[in-house]
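Report on the structure given below.
Please read these numbers as outputs of a predicted model, since none were measured by experiment. Order of the sequence lines sets the chain letters (A, B, ...), proteins ahead of strands, with each chain counted from 1.
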Protein chains: 2
Amino acid sequence: MTEFAPDPALRAKTRIQRENEEKILDAALEVFSAEGFRGSTIDRIAQEAGMSKPNLLYYFRSKEEIYRAVLDATLDGWLDPLRRMDPAGEPLEEIRAYLRRKLEMSRENPRASRLFANEVIRGAPLIVEELTGALKALVDEKAAVIEGWIAAGRLAPVDPRHLLFAIWATTQHYADFQVQVQAVLSADAGAAIDGAQGFLDTLFLRALAPG
Amino acid sequence: MTEFAPDPALRAKTRIQRENEEKILDAALEVFSAEGFRGSTIDRIAQEAGMSKPNLLYYFRSKEEIYRAVLDATLDGWLDPLRRMDPAGEPLEEIRAYLRRKLEMSRENPRASRLFANEVIRGAPLIVEELTGALKALVDEKAAVIEGWIAAGRLAPVDPRHLLFAIWATTQHYADFQVQVQAVLSADAGAAIDGAQGFLDTLFLRALAPG
DNA sequence: GTCTATAAAGAGATAGAC
DNA sequence: GTCTATCTCTTTATAGAC
């Protein structure tokens, strides 16, 4: 009786495979977020991941495959803060909580923010479908929620989509333009975000308070 | 008597020189603003400028020299909108006018905005001095103006530096994230900025109105 | 799974003719 | 001032030994 030997392509990943793929994705995020797709090299990523270039290419067949993988992995969690905006919640409190979550993402994972910024600035060639598809759909859904709040007199009348743009822009600014923020404030990134929190609460909650 | 023959290095630029340098700088802005420094190639810029690579390198000795030239040329006008904020003006009106000027820059020259975004995202290696020098000085100066308005009770109390960040972030967003904005709104860039104008007036003026 | 060696293409920059 | 040809270095990707 022969031993059970599944097709290698279907076999679950080994521990070492998982670890190396993770190391590569982390290294790729580091490099791609700083230099964009075309400005990054496999060599830099391999170096950052602590392995040789051919070894890296054993796990991912090409530079673009690495890029897509890190972009997908990051995209996955990117929309969560907005998804969690609760139609049943208190409007101003929901806005405040959303601001918090976005600001925390700029604090905890500024590289993800910069990765997207780079991708979108160059025209988002690899994620246009997500933008016109999943993103637009989610924005439409939440815009309707916000419009409902406005119609109920629980929020001052504003354009909900431009409101979301403003929240994205102001919170992601602390990740994407980190060095500029630090230069102007002579403060580290964490302190800058601490300061931003109070300011953004004031800005948005004052403007959105009904009546 | 010999004819007057000035040192060629000191001679004024010919018409063809000026025209070609201008064509190169415009092409360089187009390419660098989309792909960043490392992601851009001299070949692409030459093609965009309608000349051969060696011919382009006749006018600029290296890729970095072109990049510095286009960055300097753009930096030059970048801070003008803030410089024009008038301490003697009516505070809310000065804020509104500043918003207008910044939005118009996103409309008229989105490439300049993206050029800086790319540069700052990668850590601003070539303009750190401008950031900690000229930019910080100008921000300090205008922050003092804003604080004066607040102290006089003519503006609601907010952190002036974070206020400037918020104005930069929200207005430049329409240039830097143009494709995302268009995807979400299903509108062209001009229409998006038209809509942004009303929203941003509401957001900032409501939040900043004293009392 | 990881390495050295290398093929092949891309990209920065120069030489030299016109 | 502009071109073709080319040198050189970088970078992507593969071959094949271990």
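- B:Lys23 has its NZ atom 12 Å from the C1' atom of D:dG1, to the nearest Å.
- Checking side-chain atoms of A:Glu94 against main-chain N and O of A:Asp86 turns up a donor-acceptor pair under 3.5 Å.
- Taking the six-membered ring for Trp and thresholds of 30 and 60 degrees, B:His173 and A:Phe165 have ring planes inclined between 30 and 60 degrees apart.
- Using a 4.0 Å cut-off, no side-chain N or O of B:Ser62 falls inside it from OP1 or OP2 of C:dT14.
- Phosphate proximity of C:dC3 to A:Tyr58: absent, as no side-chain N or O sits under 4.0 Å from OP1 or OP2.
- Taking atom NZ on B:Lys63 and atom P on C:dG10, their separation rounds to 15 Å, with Å as the unit.
- Side-chain atoms of B:Pro54 lie closest to C:dA15 of the nucleotides C:dA15, C:dG12, C:dT2.
- Summarising the geometry, the separation between CG on B:Leu57 and P on D:dC3 is reported as 12 Å, rounded to the nearest angstrom.
- For the pair B:Glu48 CD and C:dA11 P, the computed distance is 15 Å after rounding to whole Å.
- A straight line from CG of A:Leu56 to P of D:dT14 spans 13 Å, rounded to a whole angstrom.
- Comparing D:dA13, C:dA13, C:dG1 against the side chain of A:Gln17 picks out C:dG1 as the nearest.
- Note that CE of A:Met85 and CD of A:Glu141 are 10.5 Å apart. Values are rounded to the nearest 0.5 Å.
- In terms of phosphate contacts, B:Ser52 brings a side-chain nitrogen or oxygen within less than 4.0 Å of OP1 or OP2 of D:dC3.
- Using a 4.0 Å cut-off, no side-chain N or O of A:Ser40 falls inside it from OP1 or OP2 of D:dT11.
- To the nearest angstrom, P of C:dG1 lies 9 Å from CD of A:Glu21.
- Taking atom CD1 on B:Ile66 and atom P on C:dG12, their separation rounds to 9 Å, with Å as the unit.
- Because its NZ or CZ atom is not both nearer than 6.0 Å to the ring centre of A:Trp149 and within 45° of the ring axis, A:Lys142 does not count as a cation-pi partner of that residue.
- Taking a cutoff of 4.0 Å between a charged side-chain nitrogen and a carboxylate oxygen, B:Asp80 and B:Arg83 qualify as a salt bridge.
- Checking C:dG1, D:dG1, D:dA15 against the side-chain heavy atoms of B:Thr14 singles out D:dG1 as nearest.
- Taking atom CZ of residue A:Arg15 and atom P of nucleotide C:dG1, one finds them 10 Å apart after rounding to whole Å.
- At least one side-chain nitrogen or oxygen of A:Asn55 sits closer than 4.0 Å to the OP1 or OP2 atom of C:dC3.
- Residue A:Arg38 places at least one side-chain N or O closer than 4.0 Å to OP1 or OP2 of C:dA11.
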